[in-house]
Structures are given as C-alpha cells and as structure tokens.
Participant: 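If you scroll down you'll find the structure; I have some questions about it.
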Amino acid sequence: MTRFLATEADTLALGAALAPGLRPGMVIYLSGDLGAGKTTLVRGVLRALGVTERVKSPTFTLLELYMVSSLYLHHFDFYRFNRSEEWVDAGFREYFNSESVCLVEWPEKAGGQLPAPDVRIEMKVDGSGRSVTISAYTEAGKECLKRLQL
C-alpha cells in the first residue's frame, strides 16, 4: 500500500488510522531518513489511542513507554546505535513480547537482532510532502492494514 501525505496533518491522520488495528504482540518498523515523519506518525497513533502527554522522539533516550488502557506501547529509536549488538546490550529484548506493541524507528540499526515486523512503514520526503509505503508480513499485520481507513 502506497500513499502520499501532503501535510503533517495527513501523517497524523495515517497514524490515527493505524491505531485501531494494533494488537498486543505486534512489531511495527518505521524506516526513513531524518525528518521523514516517523515520530509524527507515532504521535498520530498515540493521540488516537488517547495519549494527551507530550510525544517526543526517543532519539536520545532510545525508548519511550506508554500505557494506553490495557495496551503497552513501546516507541524505540535506534538512530544512535553504532553496532547492532547495542540492542542486546541495552536489554530491550524483554520489551518485545505478546503483551506489547513495539514501534521501532531505525530498525536497520539493530542489524537483524529484532524480531521480524508485522508491519513495515517506509517514509520518504517527496517534495513538500511524504511518500509512504506500508507492507504487512504476518496475519496480524494484514489484519491491521485491512482496518486502515484512508
């Protein structure tokens, strides 16, 4: 599935449309250059789930945790990783479990150490907007994409 997002509001709306399809145990990869809109997309997901607190990029903290109703949502950013082993060294493996949804920015920096994604979202700057390609790799991912109301 490919979409063009002309504005930041469109990116937030895509995140909001993605939110209802998220289920515990899912892993979502978010790929794209700096400024492509990955954190904005996550902000849209969280706002749709009722999070009112500030949603910031975990570039320096590596992880932001959110509890939404009975859903544990973990927002990772591995941009600062220099070695794939840093993911293991940081002790993040335990967060990827059947009770959590993990949204991962810069998954390629973990060098294949991460669990496989249910959904991969690739974002690219395209003129003044963003080009987004969304792919599902599991049944849970396919169900999630079916729920997207774009």
Participant: Among residues two or more places apart or on two chains, list those pairs meeting ring-ring contact (aromatic ring centres under 6.0 Å, His included) that have a residue in residues 101-125.
Facilitator: Tyr79-Trp106
Participant: Could you pull out every donor-acceptor pair under 3.5 Å between side chains of residues 118-128 and any protein atom, sequence neighbours left out?
Facilitator:
| unit_1 | atom_1 | unit_2 | atom_2 | d |
| --- | --- | --- | --- | --- |
| Asp118 | OD1 | Thr138 | OG1 | 2.6 |
| Asp118 | OD2 | Val27 | N | 2.7 |
| Arg120 | NH1 | Ser31 | OG | 3.1 |

Participant: Sub-3.5 Å donor-acceptor pair from the side chain of Arg43 to the main-chain atoms of Arg47, do we have one?
Facilitator: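 Judged by distance alone, no pair lies under 3.5 Å.
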Participant: Measure the shortest side-chain to side-chain distance between Glu105 and His75 over non-hydrogen atoms and say whether it is less than 4.5 angstrom.
Facilitator: yes
Participant: Does anything in residues 130-140 pair up under salt bridge (Lys or Arg N to Asp or Glu O under 4.0 Å), and if so which pairs, sequence neighbours excluded?
Facilitator: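 The answer is Glu139-Lys142.
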Participant: State the CG-OG distance between Leu22 and Ser100, to the nearest 0.5 angstrom.
Facilitator: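 One gets 12.5 Å once the value is rounded to the nearest 0.5 Å.
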Participant: Do Tyr29 and Phe78 have ring centres separated by under 6.0 Å?
Facilitator: no
Participant: I need the minimum non-hydrogen distance between Leu145 and Ala136, along with the two atoms involved.
Facilitator: CD1-CB, 3.6 Å
Participant: Roughly how far, to the nearest 0.5 Å, is NE2 of His74 from CD of Glu99?
Facilitator: 9.0 Å
Participant: Using the side chain to side chain contact (heavy atoms under 4.5 Å, CB included) rule, take Leu46 and Leu73 through it: C-alpha gap first, then chi angles, then the decisive distance, then the call.
Facilitator: CA-CA 9 Å; Leu46 291 168; Leu73 195 138; 3.8 Å; yes
Participant: Just so I know, are the side chains of Cys102 and Ile28 near enough to count as touching, which here means a heavy-atom distance under 4.5 Å?
Facilitator: no
Participant: Only counting residues at least two apart or in another chain, list the ones meeting side-chain contact (heavy atoms from CB on, under 4.5 Å) with Asp89.
Facilitator: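 Asp89 satisfies side-chain contact (heavy atoms from CB on, under 4.5 Å) with Arg83, Glu85 once adjacent residues are dropped.
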Participant: Is there a side-chain contact between Tyr95 and Arg93, using heavy atoms and a 4.5 Å cut-off?
Facilitator: no
Participant: As an exercise, state the distance from OG1 of Thr39 to CG of Asp77, rounded to the nearest 0.5 Å.
Facilitator: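 Rounded to the nearest 0.5 Å, the OG1-CG separation comes to 6.0 Å.
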Participant: Indicate every side-chain donor-acceptor pair of residues 12-20 with a distance under 3.5 Å to a residue at least two apart or in another chain.
Facilitator:
none

Participant: Over 60° means perpendicular and under 30° means parallel, so classify the ring planes of Phe92 and Phe81, tilted if in between.
Facilitator: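 Geometry flag for Phe92 against Phe81: parallel rings.
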Participant: Would you mind reporting whether Leu30 and Leu41 have side-chain heavy atoms less than 4.5 Å apart?
Facilitator: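 Yes. Closest side-chain heavy atoms under 4.5 Å.
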Participant: Quick one: salt bridge (Lys or Arg N to Asp or Glu O under 4.0 Å) pairs with a partner in residues 6-34, sequence neighbours left out?
Facilitator: none
Participant: Tell me, with the steps shown, if Phe96 and Val104 meet side chain to side chain contact (heavy atoms under 4.5 Å, CB included).
Facilitator: CA-CA 11 Å; Phe96 290 79; Val104 183; 3.9 Å; yes
Participant: If I take atom CD from residue Glu108 and atom CG from residue Leu114, how far apart are they, to the nearest 0.5 angstrom?
Facilitator: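 Taking CD in Glu108 and CG in Leu114, the distance rounds to 9.5 Å.
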